[in-house]
S.K.: 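Structure provided below as structure tokens; questions to follow.
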Amino acid sequence: MPSYPCAVNEETTPDVDDLPEQMRIRREKRERMLAAGVSPYPVEVPRTHSLAEVRAAYSDLPADTATGDKVSVVGRVMFLRNTGKLCFATLREGDGTELQAMLSLNNVGEDALSAWKADVDLGDHVFVTGEVITSRRGELSVLADEWGMAAKSLRPLPVAHKPLGEETRIRQRYVDLIVRPEARETVRVRSAVVRSLRESFHARGFLEVETPMLQTLHGGASARPFVTHSNAMSMDLYLRIAPELFLKRCVVGGIDKVFEINRNFRNEGSDSSHSPEFAMLEFYEAFATYDTNAAMTRELIQEAARSVFGGEVVTLDDGSEYDLSGEWTTLTMYGSLSEALEAEVTPETGVDELRKHAAAVGLEHDPALGHGKLVEELWEHLVGDHLHAPTFVRDFPVETSPLTREHRSKPGVAEKWDLYVRGFELATGYSELVDPVEERRRLTEQGRRAASGDDEAMRLDEDFLRALEYGMPPSGGVGMGIDRLLMALTGLGIRETILFPLVRPE
RNA sequence: GGGCCGUUAGCUCAAUUGGUAGAGCUGCGGACUUUUAAUCCGUAGGUUCUGGGUUCGAGCCCCAGGCGGCCCA
């Protein structure tokens, strides 16, 4: 093999002799076509109709019909049956529509037929020009006068009738999309859900904005950030963990109804419901409260279910039904925890007593946890993990909700709710804290925690406080994970709802 | 971070007690002008994830590592 000192990369130009037989043979077919003066990758191919258009135009032909109509169609070869003088191929196009091509010795001639048998593999894109007919078995087909390669595939497709391994599905989503209709359907559903959300917001007079992903200070949530570096500014930057503080700046500025659908990044592990990068919806509305925005959140989800699935009872991946219709259950955190413990727990309950409860129910916990965190962990353990039907849980401990307004009448709790669906947290909503002095006090406390090593604590954001000092109207805000909304509506794991989840390189 | 399980042909998977690494589909050659996961005949395809070790002999046992999954924190 000749040596090319600069340009050759072993990864991208493997020695052909070292390839598995099936890949070597496909490359040889490509070479053979080139040598014969035929491009395996033409810039343009004849195409008068999509496969779907042909199907639509000839939906009810009886078997063994010749229409006399000529079309040119293109598709990926998903099925091949070559016999001596008659070849069949099933072509498929992007939306999954399939149409059969037939090549008969009488119509295409001996050279074209033998070229077809020699050059075409499963997975190739080909075009066929010919008459629309139905086969003796009634299959709608194009009977070729001519055929040609549209794009040669150099890799064999996985076996069509065995499920692809999970790792390959994720690492090579393009293959998953080719062979598994459900993978394409998930993409379609996700797009439709996001579209429905946007339409619901537009119908209510909300404006969509895009706020910084690169931030000099991360805030708006409790999570570890990814750190990156700006060469031009000679400073480290954070990938955002939430858009909250910028969306509130919008509300201060008079964008009274505002939403953003975009990516957040959290420097944490991944599992069946977490991903380091995930799509998030946040919306803020002046003069809303955690009561009104809970109702709106329910409407957004129900509208998405209706527009995408045609109803508010959805069918999940495992075949079970999930009912999102009507009003949803509402609990309070302290009330439902007290009920589960069969003992009164209030914001005044001491840490020692909470620890006894934790020990009694077998919940291991960090001894450094304060009242708020302990209450939340007990609640998740005893109540949250067991919630199946859509449920709002309200009135969280104040100390773990630094951006939330204290309850108007109940001391020690915040006007905050979490929405649980099928046992996981789907969304959270607040009556927003807008008092700049109280906000500064809470963020200063968060800053102290950060300084003492809590790397999930929020940083003091002076510019955000300055914005609040100009006066933010009373407002409600909501955050909802888009990936999790897809999980809720379909029953899929998060790595199926995300097209290209982060994976370690092979 | 801890524990358990997995990693074998292009794909999906076998391989008994440590004793020649197999099947189906796919591929290649052949027959077939109505197939639909066709059928029939023939045939090819392996760094058993990587590196060490034990052994006459390792896919299998031991050690370290990679990647993945599940459970826990």
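Numbers restart at 1 for each chain; the letters A, B, ... are given by sequence-line order, proteins then strands.
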S.K.: Between B:A44 and B:G53, how far apart are the C1' atoms? Round to whole Å, please.
M.R.: 36 Å
S.K.: Does the side-chain contact (heavy atoms from CB on, under 4.5 Å) test come out yes or no for A:N264 and A:R240, once each step is laid out?
M.R.: CA-CA 6 Å; A:N264 288 348; A:R240 75 172 189 196; 3.1 Å; yes
S.K.: Quick one: A:H274 NE2 to B:A73 C1', roughly how many Å, whole number?
M.R.: 14 Å
S.K.: Send over the distance from A:L369 CG to B:A73 C1', rounded to a whole Å.
M.R.: 13 Å
S.K.: Could you tell me how far apart A:R504 (CZ) and B:G65 (P) are, to the nearest whole angstrom?
M.R.: 14 Å
S.K.: Between A:R137 and A:G84, who's closer to the 5' end of RNA chain B by nearest nucleotide?
M.R.: A:G84
S.K.: For a quick test of reading the model, state the closest non-hydrogen atom pair linking A:A488 to A:L316 and the distance between them.
M.R.: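 Result for this residue pair: O-CD2, 3.7 Å.
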S.K.: Give a yes or no on whether the ring-centroid distance for A:W379 and A:Y420 is below 6.0 angstrom.
M.R.: yes
S.K.: Between B:U35 and A:Q100, counting only base atoms on the nucleotide and side-chain atoms on the residue, is there a donor-acceptor pair under 3.5 Å?
M.R.: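 Side chain to base: pair present.
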S.K.: Using the P atom as the point on both nucleotides, what is the distance between B:U55 and B:C62, in whole Å?
M.R.: 16 Å
S.K.: Does the structure show a Watson-Crick or G-U wobble partner for B:A38, both distances under 3.5 Å? Name it, or say none.
M.R.: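 Its partner is none (no Watson-Crick or G-U wobble pair with both distances under 3.5 Å).
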S.K.: Checking all strands, does A:E167 fall into the base, sugar-phosphate, or nothing category for heavy-atom contacts under 4.0 angstrom?
M.R.: sugar-phosphate
S.K.: Suppose you measure atom C1' in B:G22 against the same atom in B:U8; what distance do you get, rounded to whole Å?
M.R.: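 It works out to 10 Å between them.
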S.K.: Side-chain N or O of A:R155 versus OP1/OP2 of B:G10: is the shortest distance under 4.0 Å?
M.R.: no
S.K.: Quickly work out the A:M102 CE to B:U34 C1' distance and round it to whole Å.
M.R.: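 It is 5 Å, rounded to the nearest whole Å.
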S.K.: Give the C-alpha distance, both sets of side-chain angles, the deciding distance and a yes or no for side-chain hydrogen bond (donor to acceptor under 3.5 Å, both in side chains) between A:E139 and A:T134.
M.R.: CA-CA 5 Å; A:E139 186 76 37; A:T134 51; over 6 Å; no
S.K.: For B:C40 versus B:C56, give the span between their P atoms, rounded off to a whole number of Å.
M.R.: 48 Å
S.K.: Counting only Watson-Crick pairs (N1-N3 plus N6-O4 or O6-N4) and G-U wobbles (N1-O2, O6-N3), all under 3.5 Å, who is the partner of B:G68?
M.R.: B:C5
S.K.: Using the C1' atom as the reference point in each nucleotide, state the distance between B:G57 and B:U17 in Å, no decimals.
M.R.: 14 Å
S.K.: For a quick test of reading the model: is some side-chain N or O of A:K162 closer than 4.0 Å to OP1 or OP2 of B:U12?
M.R.: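 Looking at the OP1 and OP2 atoms of B:U12, neither is under 4.0 Å from any side-chain N or O of A:K162.
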S.K.: Is a donor-acceptor pair below 3.5 Å formed from side chain A:S135 to base B:U35, judging by atom type as modelled?
M.R.: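 When only heavy-atom distances are counted, A:S135 does reach the base of B:U35 through a donor-acceptor pair under 3.5 Å.
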S.K.: Taking atom P of B:A31 as reference, at what distance in whole Å does atom CG of A:L105 sit?
M.R.: 13 Å
S.K.: Taking only the side-chain heavy atoms of A:Q22 (C-beta and beyond), determine which of B:U34, B:U26, B:A44 contains the nearest atom.
M.R.: B:U26
S.K.: Assess whether atom NZ of A:K356 is packed by more than 12 heavy atoms of other residues, nucleotides or ligands within 6.0 Å.
M.R.: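 Incorrect, the count does not exceed 12.
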S.K.: Looking only at side-chain atoms of A:L164, point me to the closest of B:U12, B:U33, B:G10.
M.R.: B:U12
S.K.: State the pairing partner of B:U20; accept Watson-Crick or G-U wobble contacts with both distances under 3.5 Å, and report none otherwise.
M.R.: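 Matched B:U20 with nothing under the 3.5 Å cut-off.
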S.K.: Does B:U55 have a Watson-Crick or wobble partner in any strand here, with both distances under 3.5 angstrom, and which is it?
M.R.: none
S.K.: Can you tell me if A:K29 touches the phosphate of B:C28, counting only side-chain N or O atoms and a distance under 4.0 Å to OP1 or OP2?
M.R.: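 So the side-chain polar atoms of A:K29 do come within 4.0 Å of the phosphate oxygens OP1 or OP2 of B:C28, strictly under.
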S.K.: With a non-hydrogen cut-off below 4.0 angstrom, is A:M23 in contact with a base, only sugar-phosphate, or nothing?
M.R.: nothing
S.K.: Among B:A37, B:U26, B:U12, which is the nearest nucleotide to the side chain of A:F79?
M.R.: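 Looking only at side-chain atoms, A:F79 lies closest to B:A37.
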S.K.: Is the shortest side-chain N/O distance from A:R81 to OP1 or OP2 of B:U35 below 4.0 Å?
M.R.: no
S.K.: What's A:D64 touching, base or sugar-phosphate or nothing? Going by heavy atoms closer than 4.0 Å.
M.R.: nothing
S.K.: Does the side-chain contact (heavy atoms from CB on, under 4.5 Å) test come out yes or no for A:I494 and A:H274, once each step is laid out?
M.R.: CA-CA 7 Å; A:I494 199 166; A:H274 293 79; 5.7 Å; no
S.K.: On RNA chain B, compare the nucleotides closest to A:K117 and A:S104; which residue's is nearer the 5' end?
M.R.: A:K117
S.K.: Does A:Y430 have A:K416 sitting over its ring (NZ/CZ under 6.0 Å from centre, angle to axis within 45°)?
M.R.: no
S.K.: Provide the distance between the two C1' atoms, one in B:A37 and one in B:C5, to the nearest whole Å.
M.R.: 32 Å
S.K.: Could you work out the separation of B:G29 and B:G18 based on their C1' atoms and round it to a whole Å?
M.R.: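 My reading of the C1' atoms in B:G29 and B:G18 gives 39 Å.
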S.K.: Checking only heavy atoms, does the side chain of A:N106 share a donor-acceptor pair with the base of B:U33 at less than 3.5 Å?
M.R.: yes
S.K.: As a quick check of understanding, evaluate side-chain contact (heavy atoms from CB on, under 4.5 Å) for A:L419 and A:T391, giving each step before the final call.
M.R.: CA-CA 6 Å; A:L419 171 61; A:T391 304; 5.7 Å; no
S.K.: Expressed in angstrom and rounded to an integer, what is the separation of A:W116 atom CH2 from B:U35 atom P?
M.R.: 18 Å
S.K.: For the side chain of A:F88, counting heavy atoms from C-beta on, which of B:U33, B:C28, B:U34 is nearest?
M.R.: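 In terms of side-chain proximity for A:F88, the closest of B:U33, B:C28, B:U34 is B:U34.
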S.K.: Strictly by Watson-Crick or wobble contacts shorter than 3.5 Å, is anything paired with B:G27, and which nucleotide is it?
M.R.: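 Across any shown strand, B:G27 pairs with B:U43.
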S.K.: What integer number of Å spans the C1' atoms of B:G42 and B:C61?
M.R.: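 Comparing C1' positions in B:G42 and B:C61 gives a spacing of 41 Å.
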S.K.: Sort out the partner of B:A15 for me: Watson-Crick or G-U wobble, both distances under 3.5 Å, none otherwise.
M.R.: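 Partner of B:A15: none.
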S.K.: Tell me: CG of A:N82 to P of B:U26, nearest whole Å?
M.R.: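 To the nearest whole Å, that distance equals 12 Å.
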S.K.: Taking A:R188 first and then A:E185, would you say they form a salt bridge - that is, a charged N and a carboxylate O separated by under 4.0 Å?
M.R.: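 Looking at A:R188 and A:E185, the cut-off is met.
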S.K.: Using Watson-Crick or G-U wobble geometry with both distances below 3.5 Å, tell me the partner of B:C60, or none.
M.R.: none
S.K.: Given B:C28, B:U34, B:A37, which nucleotide is nearest the side-chain atoms of A:H161?
M.R.: B:A37
S.K.: Is the phosphate of B:G68, meaning OP1 or OP2, less than 4.0 Å from a side-chain N or O of A:R171?
M.R.: yes
S.K.: Can you measure A:E28 atom CD to B:G45 atom C1' for me and round it to whole angstrom units?
M.R.: 14 Å
S.K.: What contact category does A:L157 fall into here, base, sugar-phosphate, or nothing, at under 4.0 angstrom with non-hydrogen atoms?
M.R.: nothing
